[in-house]
Protein chains: 2
Amino acid sequence: MVRIADVAKMANVSTATVSRVISNAGTVKKETAEKVLEAIKELNYQPNMLARQLRRSETKTILVVVPDITNTFFSAVLRGIESVAIENGYQVLLGDARNDVESETTFLTLLGQKKADGLILLTARTNQKILEDLSQDYPVVLACEYYEGSKLPTVSIDNISSARKATEYLISLNHKRIGHISGPLNIVVGRDRCRGFHQAMAQHGLSVDPSLVQEGEFSFESGFNLMMKFLSLENPPTALFAGNDELAMGAIKAAKSKGLRVPEDLSVVGFDDIQFASIFEPALTTVAQPTFDMGQKAMRLLLKLIKDEELEKDQFILPDKLIVRESCKELTIEE
Amino acid sequence: MVRIADVAKMANVSTATVSRVISNAGTVKKETAEKVLEAIKELNYQPNMLARQLRRSETKTILVVVPDITNTFFSAVLRGIESVAIENGYQVLLGDARNDVESETTFLTLLGQKKADGLILLTARTNQKILEDLSQDYPVVLACEYYEGSKLPTVSIDNISSARKATEYLISLNHKRIGHISGPLNIVVGRDRCRGFHQAMAQHGLSVDPSLVQEGEFSFESGFNLMMKFLSLENPPTALFAGNDELAMGAIKAAKSKGLRVPEDLSVVGFDDIQFASIFEPALTTVAQPTFDMGQKAMRLLLKLIKDEELEKDQFILPDKLIVRESCKELTIEE
DNA sequence: ACATTTATTGTAATCGATTACATTGAGAAT
DNA sequence: ATTCTCAATGTAATCGATTACAATAAATGT
């Protein structure tokens, strides 16, 4: 391995001078710098980052913990994060929690071990106290998910209002018996979307039949199973607001399997606008989150925290958008 | 920050002893070790990995470069990699090339900078020579994609034979006018699947109409557009082998848009068996790759390389599987 | 001509662990 | 009693950079 000392020897200068050339300190005479540069090239020298990092005590690496890397929603956010990271000379250390809280928590120890300068969490299922303590000592930003009433820097959409919007869209299409298959209620976005649903219903004077609200698991199968349950009811819903797109697609598949047509016999709104939402048939009406932007914003905030700059505020709510496609239809009064 | 010296002072021993306790060297008296452990706990000491890494000159980190992190095929492989990595105390540094060769190459410099102990490439689009040189100096394993005739350690399926198998399935259903929409031919798997297609056709004495073979881009849109092209032909194909599932789905969408039914009027086989293949309608008949296993195997190989162990061989071909679902049907002679 | 500043470079401490080598003391062997 | 082993621990070098401080030379001011 070529060391800085080797370069120094070849260029007939001290290691300090070489280091100055590398870091562009500007206090090196032009001719000396050229000699050094030449030696670097000649020896094909690359600085050992470990040594630099130890000395500067910074890793130029950030840790990103995702709940599920195989979910394209999260990988899209990740891409936003990485784009800003790379731009600023940072690398991304990946932690895929596989929807497991414990492994999520395990990744956090990497911060204390100085394997990363900061942390972006795309999942907020760890104990809130642990994370708030961690955030005292290290730069931490949450994205997508968040803790209620916490001051932790967060980038997300307003899930409650988005859910309200989605539900109101169904209401505007004359639906009254609207069901909701939620995500897990121990996950904040599952909870908030459920809340938004209830708020919209209440605000429009519609009662919610408790048997038409079921807690699912953010998966296709879960959507399928719970919709089957709805369909076996005496009086099934005419519309459904699903906690995410997978749930929505599962539900639609269930409806079709029972011979119902979507949207003619059942209207469905999803959430997230994952890639397949537009390819699915019927193309899914859903709430789009600005995934890439959220990732970028989160990384920009983290960068500020790392540089010890003040944040103008802690909670950043980005705009969502209801994407109307083909999975909903106005209810014609014929029953 | 708590250093090893702080622990040493509190426990009234030297830093060497503390270090020995931490690394479980076994040459420390039981009582001393207990004292040290207590101090560690008391001070909440965590070793600084940067220092350890510099001294041991190993990072316990591996670099994984993927062509496109938002493609669930690759994230599934990544998951396999990470599972074995974590098990062995390694972390994964992620490089998302975003289908760009240049940024793919850029990530490789991280190895020389000692930011990772080894590299797994899920993409082989960089100049072959560069990579082979790199592989002289650092542990490198390829997965999914590979270089033809290269000795680089590789884990993949046999794309040619898989493509043959897929095509033969269509032939077994009596199809004769079979089209192929390939992936980019500068990507080895695109090329090999195309080859397999031609081989199968030739082996069964079927001629390939050149206008029925088109090079696409591994995307839904590409599949859609090229299928539209096929459909505007005087004599369109009765069956299609697509270079991957996205292409297949795009093609099916195109066929449907023209009023054709799949599989009644057109049979389609895809490749990869991504998550959505089974949810898509019609559920896609496709070649499944053992994504998780490939990832695990690749990581196990890399671990061996890192430990300087011999590999029993260089090329590992894992078994694929044709998953028959609903997108193909026997051609009844009626035309 | 002398003092003072400034530009350039070098020397050596430092980051925080690991580990080669040295030291100590207790028990075993003669 | 003396020497030898061996277990347990300590001292200090080391990994490869960065950087505070020192030193030198050149330039400038009076």
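Keep in mind that this is a model prediction, so the values were computed, not measured. Chain letters run A, B, ... following the sequence lines, proteins first, then strands; residues in each count from 1.
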Can we say [X] and [Y] salt-bridge, meaning some charged N sits less than 4.0 Å from an Asp/Glu carboxylate O?
X: A:R3; Y: A:D6; answer: yes
X: B:D68; Y: B:R98; answer: no
X: B:E42; Y: B:K35; answer: no

Practice problem: Specify the separation, in whole Å, of atom CG of B:N12 and atom C1' of D:dA8. | Solution: 15 Å

Quiz item: With sequence neighbours left out, what residues match B:E148 under salt bridge (Lys or Arg N to Asp or Glu O under 4.0 Å)?
Solution: B:R191, B:R195

Self-check item: With A:R125 via salt bridge (Lys or Arg N to Asp or Glu O under 4.0 Å) - residues at least two apart
Solution: A:E145

Would you find more than 12 non-hydrogen atoms of other residues, nucleotides or ligands less than 6.0 Å from [X] atom [atom1]?
X: B:E132; atom1: CD; result: yes
X: A:E310; atom1: CD; result: no
X: A:E102; atom1: CD; result: no

Self-check item: Sugar-phosphate or base contact per nucleotide [nucleotides 16-28 of chain D; S, B, -; heavy atom under 4.0 Å]
Solution: BBBBB--------

Quiz prompt | Between A:Q91 and A:T61: side-chain donor-acceptor atoms closer than 3.5 Å | solution = no

Residues 133-140 of chain A, side-chain donor-acceptor partners within the protein, below 3.5 Å, at least two apart:
residue: A:D133; atom: OD2; partner: A:K129; partner atom: NZ; Å: 3.1

Practice problem: Note the angle between the end axes of the helix from C:dA1-D:dT30 to C:dT30-D:dA1, five pairs defining each, rounded to 10 degrees. | Solution: 50°

Quiz prompt | Interface residues of residues 27-37 of chain A with DNA chain D (non-hydrogen, below 4.0 angstrom) | solution = none

